[in-house]
2 protein chains.
Amino acid sequence: MSTETKGTGTSRRGFLKGAAATGAALGAAGAARAEGDPLITEVQEWASGLGEGVDATPYGMPIEFESDVVRRNVEWLTADTISSINFTPIHALDGTITPQGCAFERHHSGAITLKKEDYRLMINGLVDTPLVFTYADLERFPRVQQTFFLECAANTGMEWAGSQLNGAQYTHGMIHNMEYTGVSLRTLLEEAGLDTAGELKDKWVYVEGADASSNGRSIPMEKALDDCMVAFKANGEALRMEHGYPVRLVVPGWEGNMWVKWLRRIEVMDAPVESREETSKYTDTLEDGTSRKWTWAMDAKSVVTSPSPQMPIQHGKGPLVVTGLAWSGNGAITAVDVSLDGGVTWQEARLAEPGKKMALTRFYLDINWDGSEMFVQSRAMDETGYVQPTKAQLREVRGLNSIYHNNCIQTWHVNANGEANNVEVS
Amino acid sequence: MSTETKGTGTSRRGFLKGAAATGAALGAAGAARAEGDPLITEVQEWASGLGEGVDATPYGMPIEFESDVVRRNVEWLTADTISSINFTPIHALDGTITPQGCAFERHHSGAITLKKEDYRLMINGLVDTPLVFTYADLERFPRVQQTFFLECAANTGMEWAGSQLNGAQYTHGMIHNMEYTGVSLRTLLEEAGLDTAGELKDKWVYVEGADASSNGRSIPMEKALDDCMVAFKANGEALRMEHGYPVRLVVPGWEGNMWVKWLRRIEVMDAPVESREETSKYTDTLEDGTSRKWTWAMDAKSVVTSPSPQMPIQHGKGPLVVTGLAWSGNGAITAVDVSLDGGVTWQEARLAEPGKKMALTRFYLDINWDGSEMFVQSRAMDETGYVQPTKAQLREVRGLNSIYHNNCIQTWHVNANGEANNVEVS
């Protein structure tokens, strides 16, 4: 298959016409179509009367026709609904921002209902003055704002053993990307009298939430003072309940489990806690039975969201937009390559906008599909020079005992009918 | 009053303690508080059981406590609910992204329900090949992605005659800011055989929607080929019904009325149509009775969203975050000044992130409020060197006959109780 010219600045005249000439089932372009199409020639119901009044939707929801663009669970994957995962429908989204309504949720003891008036945040431990902040207190500190992705460490975790989940929503949907507003963690630690001029490299903060899950995590002080945020808004509005209302921690680029929801306490310590969530969980057991720990940053990763198992090609041969998402917990995405033949040859995709640090990047490759089968892959590179590995490369280093931190290249097999399936290529 | 040090990189130790020393009603910081606060010392209900399961929310809504963060109408402002305006609650938001659910809506004959299968877009007029695109066709063209604000030309329109609406939601809430994905209008015009190498400077496109409103607008070809987008996603997901599902036009920086919803037809012409919506409406009648037309770009503007009439200061004296939004239809915001004394003296605010072209910019000024009355203003500057004018300056040029394009400096009077009201200063 040949690749269409990339970019929108160049002339694309004849884009669909050219495709039609090659036999693709386009059917829509051309003036002749207009003459026989009542949707063009006849006055429609929606053009001849009044639409809905606007008072009906003080807070609007998606239109009924988009009811399939929702979070979904995989019932067999988790033991009960309380600890289940509800994946982002990334296959059906475009751009980079994730709407709160369908941004994935993962809880260890369910989502709790916590009023702002009942919210308290304690900072204690190795500080001059242990402090307790109310929600109203937090609103009085200088604020910061930035867009970050949050990826669960277990995202793509079922793919270690094979190609188990058939859809980008399930293989890669434990991710979302929102614009956060809050107070930098540094600001609050300094308020409590952390002497930031002193020896801090051996210090840690331990963060925990107000829910019953006992999800607590140790964060090295260098990260805590660098870019962590005590956030109360996402995409402009208050956090949603399922994302930690009223306050969660934002730990840019690092695994989602550390982004503690309903943030209740921050203790400054001279050692990590080695809590359950950072020892028996969220570590990577290697081939020899030992486990890697402190693998916090989510390495560079990408996935083609369309075509994909939930987004088959329905229009036949001809022009096709191949698109997906790329991200890195170590900085900005600098390039994404796409392969249509399972990694034998690669083409550089077009980034919709320049990569931003620890935020999702959208990529596109505009092709002219000849209708033959494809093995579609994407491969992300970040500003550190890191290149997303193949599954074979990752297994060579990590073995098959891991659950977490699978950032391997994903393969979708697309058949002549345009249907896509999750496969492995050797 | 004095201004706190700006930025978060510098030490803020003692921020609240310092404020407490000045007598502000803080009440929350300090270890002593923790000892007597059952929210700290007692195990709470939400920490002792399971929260809600996650399957309940395939598409989530804001938590019940945020039910006041909704679009609102002003009943007397428009004749009927079909043509009414539902304003964005900008006073209660932070950051820059506007969630779709509360992004303002304004219709001329209500919001229509149009399925993707019933959608058609015709390009006709001075093109080689008139074309009709289905929704599926549009998805096959190369896509672009960018965040833009949309401001209704009538935003702040009631303020020409005085200070009439008491709240930032009502004075400045006909604006939203979303990340759009779609196909560039240039791509589609080229597909229809517009000879972009020829003489185009005298050409126009006329765009109209599929609803019954007959809202049609003429756009000069230079703009049509520059950055206009035929958009089908906003903030990652499908456009909402009230924002033109499935397809609307995006005309970056230009008045919202031109961003035609349910986009149905684009005609290439050798002159503007001079339609109702660009002659008797959306023009600016001057003091001498003549009217300015083709005033498409929304000039640089800003507003303090908090404190404001709907967001009084409730915590008394001491640290206070003054925040707001700035934007320009002519490029990026480069600076925002804030005045607390009605424009006598100004301080440069901190931009949360560098200004982006034709997108909202969030600004902050962190002050230590001494409890005396303030006349709070903000003043935006853009990359062209343009400075947002005072109301007096604007009236001097435009008189009092205008409805549209009021980008004057807004004043909130804040009294000693922290209550804010919409006022004019001479």
Side-chain angles (χ1 to χ4, degrees), chain A residues 8 11-13 15 28-29 31 33-34 39-40 46-47 50-55 58-60 63 66 70-71 81-82 84 86 93-95 97-99 101 105 109-112 120 130-132 134 137 140 142 145 179 181 184 187 190-191 212 233 235-238 240-241 245 319 352 366, chain B residues 8 11-13 15 28-29 31 33-34 39-40 46-47 50-55 58-60 63 66 70-71 81-82 84 86 93-95 97-99 101 105 109-112 120 130-132 134 137 140 142 145 179 181 184 187 190-191 212 233 235-238 240-241 245 319 352 366:
Chain A
T8 57
S11 172
R12 301 203 61 85
R13 187 170 165 182
F15 185 77
R33 168 66 180 261
L39 287 162
I40 293 292
W46 52 81
L50 294 173
E52 288 190 24
V54 295
D55 289 340
Y59 201 99
I63 197 166
E66 298 293 314
V70 290
R71 297 187 279 231
T81 58
I82 291 302
S84 69
N86 234 357
L93 305 178
D94 207 324
I97 291 289
T98 316
E105 32 174 352
S109 60
I112 64 169
R120 297 290 185 274
L131 293 175
V132 175
T134 63
D137 289 338
R140 302 179 69 176
Q145 171 203 307
E179 182 195 61
T181 302
S184 81
T187 297
E190 288 176 350
E191 180 73 13
K233 304 271 189 186
N235 293 350
E237 67 180 3
R240 296 291 175 89
M241 176 181 73
Y245 180 93
D366 306 305
Chain B
T8 57
S11 171
R12 301 203 60 86
R13 186 171 164 182
F15 185 78
R33 167 67 179 262
L39 287 162
I40 294 292
W46 52 82
L50 294 173
E52 289 190 23
V54 295
D55 289 340
Y59 200 100
I63 197 167
E66 298 293 314
V70 290
R71 297 187 278 231
T81 57
I82 292 302
S84 69
N86 233 358
L93 304 178
D94 207 324
I97 291 289
T98 316
E105 33 175 350
S109 58
I112 65 169
R120 298 290 185 276
L131 293 174
V132 176
T134 63
D137 290 337
R140 302 179 69 175
Q145 170 203 308
E179 182 194 61
T181 302
S184 81
T187 297
E190 288 175 350
E191 180 70 15
K233 303 271 189 187
N235 292 351
E237 67 180 4
R240 297 290 176 88
M241 176 181 74
Y245 180 92
D366 305 305

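Naming: A, B, ... by sequence-line order, numbering from 1 per chain. Hydrogens, waters and symmetry mates are skipped; everything else that's a heavy atom, side chains included, is used. A quick note: this is a predicted structure, and the numbers were derived from the prediction, not measured.
A donor-acceptor contact under 3.5 angstrom links the side chains of B/Glu66 and A/Tyr245, judged on distance only.
Contacts with chain A were tallied for B/Ala352, B/Gly60, B/Gly101, B/Ala238; B/Gly101 has the most, counting heavy-atom pairs under 4.5 Å. Between chain A and the residues B/Leu93, B/Thr181, B/Asp94, the most heavy-atom pairs under 4.5 angstrom are made by B/Asp94.
Using a 4.5 Å cut-off on side-chain heavy atoms (C-beta onward), B/Ile40 and A/Val132 make contact.
When all heavy atoms of A/Ile97 and B/Glu179 are compared, the closest pair comes out as N-OE1, 3.0 Å. Between B/Asn235 and A/Pro99 the shortest heavy-atom distance is O-CG, 3.2 Å. Across every non-hydrogen atom of B/Trp46 and A/Ile112, the tightest pair is O-CG2, 3.4 Å. Closest of all the heavy-atom pairs between A/Gln145 and B/Gly95 is OE1-CA, 3.5 Å. Residue B/Met241 comes nearest to A/Ile63 through the heavy atom pair CB-CD1, 3.8 Å, listed as atom of the first residue, atom of the second, then distance.
Scored by the salt bridge (charged side-chain N to carboxylate O under 4.0 Å, His left out) test, A/Glu237 finds A/Arg240 as partners (sequence neighbours excluded). Scored by the side chain to side chain contact (heavy atoms under 4.5 Å, CB included) test, B/Ala47 finds B/Val43 as partners (sequence neighbours excluded).
Atom CG in A/Leu39 sits 4.5 Å away from atom CZ in B/Arg120 (nearest 0.5 Å).
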